[in-house]
Visitor: 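One structure, as structure tokens, below. Some questions next.
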Amino acid sequence: MSNSGDTVKLLRECDSGIKMGVSSINDVLDNVKDERFKSTLIDCRNQHEKLADEIENLLEEHHDEGKNPNPMVKGMSWIKTNVKLAADNSDKTIADLMTDGCNMGVKSLSRYINQYTSADDKSRSVANRLVDIEAGLSNDIRQYL
């Protein structure tokens, strides 16, 4: 039996995670030198944005406006990215940062999927697809580490 509260909470976390992921990709994209790596990141960003539209529609069905990433977390991520890139502006550094972000995303989303057990099938499916996108990117960019 699904619970609207759990459904909305899970969708909000997915919304926040996607916004964080897109923002992180945008933060590093101009620094990526390898064209295949850049293409992989753009493809991942496009997958995030497509899923974001789906989540937005589901949130609207529940009369909810979604959730933005925590400004402190987003700010700390931006600072970490820029400090690391200032020290070593290489694709290896970018791959390292993006892998860390993907791993945090997979961990957080998996925790939310397990926490909001009464969320409906649609929201659970979206959350699992987002986990798959994050895990896929982490796997795809290992060659740049």
Side-chain angles (χ1 to χ4, degrees), residues 2-85 89 91-145:
S2 72
N3 169 318
S4 180
D6 274 8
T7 296
V8 169
K9 288 174 187 168
L10 183 56
L11 289 170
R12 281 182 186 159
E13 295 304 338
C14 289
D15 188 39
S16 174
I18 283 177
K19 289 173 181 168
M20 189 75 191
V22 168
S23 171
S24 296
I25 291 170
N26 287 337
D27 285 347
V28 300
L29 212 47
D30 288 343
N31 295 296
V32 177
K33 290 154 192 73
D34 185 276
E35 287 304 317
R36 274 195 1 247
F37 186 14
K38 186 176 281 195
S39 177
T40 300
L41 290 174
I42 290 169
D43 183 51
C44 184
R45 181 183 65 189
N46 293 343
Q47 289 178 55
H48 275 71
E49 289 171 344
K50 187 176 173 207
L51 206 51
D53 292 340
E54 197 174 328
I55 289 168
E56 197 174 304
N57 290 334
L58 291 170
L59 283 165
E60 281 177 15
E61 286 176 21
H62 291 278
H63 310 288
D64 195 89
E65 294 180 12
K67 178 180 173 184
N68 286 315
N70 178 318
M72 183 68 83
V73 172
K74 194 171 175 184
M76 294 302 285
S77 171
W78 185 87
I79 290 168
K80 177 183 176 184
T81 297
N82 285 284
V83 166
K84 283 199 164 197
L85 287 176
N89 188 2
D91 285 357
K92 181 181 180 295
T93 300
I94 293 168
D96 185 52
L97 288 163
M98 295 307 298
T99 301
D100 285 351
C102 289
N103 292 341
M104 281 191 289
V106 166
K107 209 163 111 178
S108 299
L109 288 165
S110 297
R111 188 178 312 120
Y112 293 125
I113 291 167
N114 293 334
Q115 182 178 348
Y116 301 125
T117 54
S118 300
D120 68 14
D121 289 341
K122 278 186 192 174
S123 63
R124 294 180 70 75
S125 171
V126 165
N128 281 308
R129 280 187 283 154
L130 184 53
V131 166
D132 290 345
I133 291 170
E134 295 285 320
L137 178 62
S138 178
N139 194 37
D140 291 345
I141 64 175
R142 282 184 192 153
Q143 62 187 306
Y144 301 103
L145 289 171

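Keep in mind that this is a model prediction, so the values were computed, not measured.
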Visitor: The test is side-chain contact (heavy atoms from CB on, under 4.5 Å); show your working for Thr99 and Arg142 and say whether it passes.
Guide: CA-CA 8 Å; Thr99 301; Arg142 282 184 192 153; 5.8 Å; no

Visitor: Are any non-hydrogen side-chain atoms of Leu29 and Arg45 less than 4.5 angstrom apart?
Guide: yes

Visitor: Determine whether Lys92 and Asp96 make a side-chain contact, defined as any pair of heavy atoms from C-beta on separated by less than 4.5 Å.
Guide: no

Visitor: With side-chain contact (heavy atoms from CB on, under 4.5 Å) as the test, would you mind laying out the steps for Glu134 and Met104 before giving the verdict?
Guide: CA-CA 9 Å; Glu134 295 285 320; Met104 281 191 289; over 6 Å; no

Visitor: Would you give the length of the straight line joining atom SG of Cys102 to atom CG of Leu137, rounded to the nearest 0.5 angstrom?
Guide: 4.0 Å

Visitor: Please confirm whether the backbone N or O of Trp78 pairs with a side-chain atom of Asn82, one donor and one acceptor, at under 3.5 Å?
Guide: yes

Visitor: What's the separation between atom CD in Glu56 and atom CD in Glu65, rounded to the nearest 0.5 Å?
Guide: 10.5 Å

Visitor: Check the surroundings of atom NZ in Lys122: do more than 12 heavy atoms from other residues, nucleotides or ligands lie under 6.0 Å from it?
Guide: no

Visitor: When rounded to the nearest 0.5 angstrom, what distance separates NZ in Lys9 from OG in Ser118?
Guide: 10.0 Å

Visitor: Could you give the distance from CG (Leu11) to CD1 (Ile55), rounded to the nearest 0.5 Å?
Guide: 6.5 Å

Visitor: Looking at Leu59 and Gly66, what are the two nearest heavy atoms and their distance?
Guide: CD1-CA, 3.5 Å

Visitor: Should we count CG of Asp30 as having more than 12 external heavy atoms under 6.0 Å?
Guide: no

Visitor: Could you list all the ring-ring contact (aromatic ring centres under 6.0 Å, His included) pairs where at least one residue sits in residues 13-62, not counting sequence neighbours?
Guide: Phe37-Tyr144

Visitor: Going by atom type alone, with no hydrogens or angles, which donor-acceptor pairs under 3.5 Å involve a side-chain atom of residues 17-25 and a protein atom two or more places apart or on another chain?
Guide:
from, atom 1, to, atom 2, distance (Å)
Lys19, NZ, Asp15, OD2, 3.1
Lys19, NZ, Asn68, OD1, 3.0
Ser24, OG, Met20, O, 2.9

Visitor: Is there a side-chain contact between Gln143 and Arg36 in this structure, where contact means two heavy atoms from C-beta onward sitting under 4.5 Å apart?
Guide: yes

Visitor: Provide the closest heavy-atom pair for Ile113 versus Leu10 in the form atom of the first, atom of the second, distance.
Guide: N-CD1, 4.0 Å

Visitor: Return yes if some donor-acceptor pair links the side-chain N/O of Ser125 with the main-chain N/O of Asp121 below 3.5 Å, else return no.
Guide: no

Visitor: Minimum heavy-atom separation for Asp34 and Asp91, please, with both atom names.
Guide: N-OD2, 2.8 Å

Visitor: Which heavy atom of Asn103 sits nearest a heavy atom of Ser138, and at what distance?
Guide: OD1-OG, 3.6 Å

Visitor: Does one side chain, of Glu61 or Asn57, offer a donor that lies under 3.5 Å from an acceptor on the other?
Guide: no

Visitor: Testing the basics here: between Lys33 and Asn31, what is the closest heavy-atom pair and its distance to 0.1 Å?
Guide: NZ-O, 3.2 Å

Visitor: Taking Arg124 for its side chain and Tyr116 for its backbone only, find out whether a donor-acceptor pair lies under 3.5 Å.
Guide: yes

Visitor: Please report the interatomic distance CD1(Ile141) to CD1(Ile94), rounded to the nearest 0.5 Å.
Guide: 10.0 Å

Visitor: Under 4.0 Å between a Lys/Arg side-chain N and an Asp/Glu carboxylate O for Arg111 and Glu13?
Guide: no

Visitor: Inspect the surroundings of NZ in Lys107 and state if more than 12 heavy atoms from other residues, nucleotides or ligands are less than 6.0 Å away.
Guide: no

Visitor: For Asp120 and Ser123: C-alpha separation, side-chain torsions, deciding distance, then whether side chain to side chain donor-acceptor pair (under 3.5 Å) applies.
Guide: CA-CA 6 Å; Asp120 68 14; Ser123 63; 2.9 Å; yes

Visitor: So do the side chains of Lys80 and Asp100 get within less than 4.5 Å of each other, counting heavy atoms only?
Guide: yes

Visitor: Are the side chains of Asp43 and Gln47 in touch, meaning some heavy atoms are under 4.5 Å apart?
Guide: yes

Visitor: What distance do Thr7 atom OG1 and Leu58 atom CG have between them, rounded to the nearest 0.5 Å?
Guide: 9.5 Å

Visitor: Do Cys44 and Thr40 touch side chain to side chain, with heavy atoms closer than 4.5 Å?
Guide: no

